[in-house]
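Letters A, B, ... mirror the listed sequences (proteins, then strands); counts begin at 1. For clarity, every value in this text was computed on a predicted model and none was experimentally measured. Just so you know, these numbers use all the heavy atoms, side chains as well, and skip hydrogens, waters and symmetry mates.
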Amino acid sequence: MPEVETLVRLLAPRLVGQRLLNVMTTPSRVFRGQQPVIAACLTGQRIQAVERYGKNILLRLDHHRVRIHLGMTGKLLFAPAPATHPRAMLAFEDDLLVFDDIRQFGRLELLPLEEGGPALGEDALAISPAAFTALLRERRGAIKNVLLNQHCLRGMGNIYTDEALYRARIHPQCPSFLVPRRKVAALHVSMRALLQEAIAAGGSSISDYVDTDGQRGSFQNRHEVYGKQGTPCPRCRTAIRRIVVCQRGTHYCPRCQRLPR
DNA sequence: CGGAGCCCCTGTAAGC
DNA sequence: TGCTTACAGGGGCTCC
């Protein structure tokens, strides 16, 4: 999500008010069957707003919205930043924006102006302490699962979930309703601070992520557990461990983050 | 409801 | 130098 927020902050001032002069697409699953109609629908419309909804980027135009999800390797690049797997090219009056996606786990789809699109949980940056506590109390699953589930909470991805749980000293497999009250409060604080710090750093670039000008973020340099298996915990020097939780690589300190009981 | 397993793709790095 | 396997910032599906 910090990567998406970084993109939205770069896109909005540059695109709002510009008219789409031409749209080109190449055959790809990112369009989910809409490829034939996308160019015809969008050409000629003006960008009214660029917003983030969880990890989605929403372009609001005169008569439609466009929902862009970057998946694992999606990029939005302003020419002349180099694209290797261009799926859509949006030609504006003053800019050429390319949706590039190696693995095609991303998507670019047309939505009506009102309604439609996914209904997700509250935004991780905006949720209140009370709502966050209630969410964790009512769920039975592992806390990592709850944080990652976009229908529970929108915006948290794998990197930031591991980092936030580390900061709050919570084991990723701990059932969310069993997390002690004071750790829930600590997690609420650390999660939002972490996301803000990552946004300020332009997001994390592990291998693929770059911003609209092809620039990498720098927050990967401040990861404390993500990808750090085998290296000493910054707090207690115990080796960071990697396990699999809900099919995702999960990194934590076995000493700082204990399962209760 | 929750969790496991598998799938969608391409590229890279590590292991033999 | 090869070939094979594991794994990757996400999410959707079925099955039990």
Side-chain angles (χ1 to χ4, degrees), chain A residues 1-8 26-33 35 52-57 67-76 82-87 99-109 117-121 124 135-166 172-178 191 194-195 197-199 201-212 215-230 241-251:
Chain A
M1 178 254 263
E3 295 74 28
V4 174
E5 179 66 21
T6 298
L7 293 178
V8 166
T26 58
S28 167
R29 51 175 267 113
V30 302
F31 302 113
R32 300 306 201 276
Q35 194 202 347
R52 179 179 65 78
Y53 182 67
K55 301 182 213 173
N56 297 277
I57 295 167
R67 174 167 84 103
I68 297 170
H69 196 296
L70 300 178
M72 301 275 269
T73 54
K75 302 175 188 178
L76 287 170
T84 59
H85 297 68
R87 310 297 179 183
F99 177 49
D100 186 89
D101 188 5
I102 299 172
R103 293 176 71 181
Q104 305 179 69
F105 288 170
R107 64 168 67 195
L108 188 159
E109 71 175 349
L120 306 177
L135 171 68
L136 298 195
R137 288 273 165 281
E138 75 195 18
R139 287 272 154 175
R140 307 270 96 181
I143 184 148
K144 170 151 181 170
N145 226 331
V146 177
L147 297 181
L148 277 179
N149 186 336
Q150 302 298 298
H151 300 287
C152 296
L153 184 70
R154 79 178 111 107
M156 290 294 282
N158 203 34
I159 294 177
Y160 300 103
T161 297
D162 283 4
E163 294 293 330
L165 290 172
Y166 170 75
Q173 286 176 306
C174 181
S176 69
F177 72 99
L178 289 181
M191 172 177 78
L194 173 77
L195 293 172
E197 290 167 32
I199 291 166
S204 301
S205 293
I206 306 292
S207 63
D208 293 292
Y209 170 73
V210 289
D211 73 14
T212 53
Q215 300 293 307
R216 291 163 56 83
S218 67
F219 198 71
Q220 69 281 3
N221 298 322
R222 285 158 56 190
H223 292 172
E224 295 183 293
V225 290
Y226 185 84
K228 301 291 186 182
Q229 56 272 31
R241 188 167 295 171
R242 181 187 182 280
I243 59 174
V244 175
V245 179
C246 44
Q247 277 73 259
R248 311 298 299 276
T250 298
H251 313 75

Could you tell me whether the side chain of Ser207(A) has a donor or acceptor atom within less than 3.5 Å of a complementary atom in the base of dG9(C)?
yes
Need the glycosidic conformation of dG11(C): syn if within 90° of 0, anti if not. Which one?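 In terms of base orientation relative to the sugar, dG11(C) is anti.
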Could you check whether any side-chain heavy atom of [X] comes within less than 4.5 Å of a side-chain heavy atom of [Y], counting everything from C-beta outward?
X         : Y         : value
Arg140(A) : Val146(A) : no
Tyr209(A) : Asp211(A) : yes
Ile68(A)  : Asn56(A)  : no

So, for [X] and [Y], which heavy atoms are closest and what is the spacing to 0.1 Å?
X         : Y         : value
Ile102(A) : Thr73(A)  : N-OG1, 3.5 Å
Arg241(A) : Gln229(A) : C-CB, 4.4 Å
Ala124(A) : Leu195(A) : CB-CD1, 3.8 Å
Pro172(A) : Thr250(A) : CG-CG2, 3.5 Å

Check every atom of [options] against the side chain of [X] and return the nucleotide holding the closest atom.
X         : options                  : answer
Tyr209(A) : dG9(C), dC1(B), dG11(C)  : dG9(C)
Arg107(A) : dG9(C), dC9(B), dG12(C)  : dG12(C)
Phe105(A) : dC9(B), dA8(C), dG5(B)   : dC9(B)
Gln104(A) : dG2(B), dG9(C), dT10(B)  : dT10(B)
Gln247(A) : dG11(C), dC6(B), dA8(C)  : dC6(B)
Arg103(A) : dG9(C), dC7(C), dC9(B)   : dC9(B)
Ile102(A) : dG11(C), dA4(B), dT10(B) : dT10(B)
His85(A)  : dT10(B), dG9(C), dG11(C) : dT10(B)

Stepwise, does the side-chain hydrogen bond (donor to acceptor under 3.5 Å, both in side chains) test hold for Ser28(A) with Gln104(A)? CA-CA 7 Å; Ser28(A) 167; Gln104(A) 305 179 69; 2.8 Å; yes
[atom1] atoms of [N] and [M], separation to the nearest Å:
N      : M      : atom1 : result
dA6(C) : dC6(B) : P     : 13 Å
dG5(B) : dC7(C) : P     : 14 Å
dG3(B) : dG9(C) : C1'   : 23 Å

Note: contacts of residues 157-164 of chain A with DNA chain C (heavy atom, under 4.0 Å) are Gly157(A), Asn158(A), Ile159(A)
_Worked check of side-chain hydrogen bond (donor to acceptor under 3.5 Å, both in side chains) between Asp101(A) and His85(A)_ = CA-CA 6 Å; Asp101(A) 188 5; His85(A) 297 68; over 6 Å; no
[N] [atom2] sits how many Å from [X] [atom1], rounded?
X         : N       : atom1 : atom2 : value
Leu148(A) : dA8(C)  : CG    : P     : 13 Å
His151(A) : dC13(C) : NE2   : P     : 9 Å
Met72(A)  : dG12(C) : CE    : C1'   : 14 Å
Arg87(A)  : dC8(B)  : CZ    : C1'   : 13 Å
Asp208(A) : dC7(C)  : CG    : P     : 18 Å
Arg32(A)  : dG12(C) : CZ    : P     : 9 Å
Met1(A)   : dG11(C) : CE    : P     : 12 Å
Ile68(A)  : dG11(C) : CD1   : P     : 15 Å

May I ask you to evaluate whether Asn145(A) reaches the phosphate of dG3(B), defined as a side-chain N or O under 4.0 Å from OP1 or OP2?
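Asn145(A) to dG3(B) OP1/OP2: side-chain N or O found under 4.0 Å.
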| task | Please map the stems of DNA chain B, keeping only stretches of three or more Watson-Crick or G-U wobble pairs with both distances under 3.5 angstrom. | result |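 Stems found: B:2-8 with C:10-16, B:10-16 with C:2-8.
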Whether Arg32(A) side chain and Arg29(A) backbone form a donor-acceptor pair below 3.5 Å: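 Confirmed, Arg32(A) side chain pairs with Arg29(A) backbone.
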| said: Consider side-chain hydrogen bond (donor to acceptor under 3.5 Å, both in side chains). Of Arg222(A), His223(A), Arg216(A), Glu163(A), which one does Ser204(A) pass it with? | reply: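 It is His223(A); the other options fail the test.
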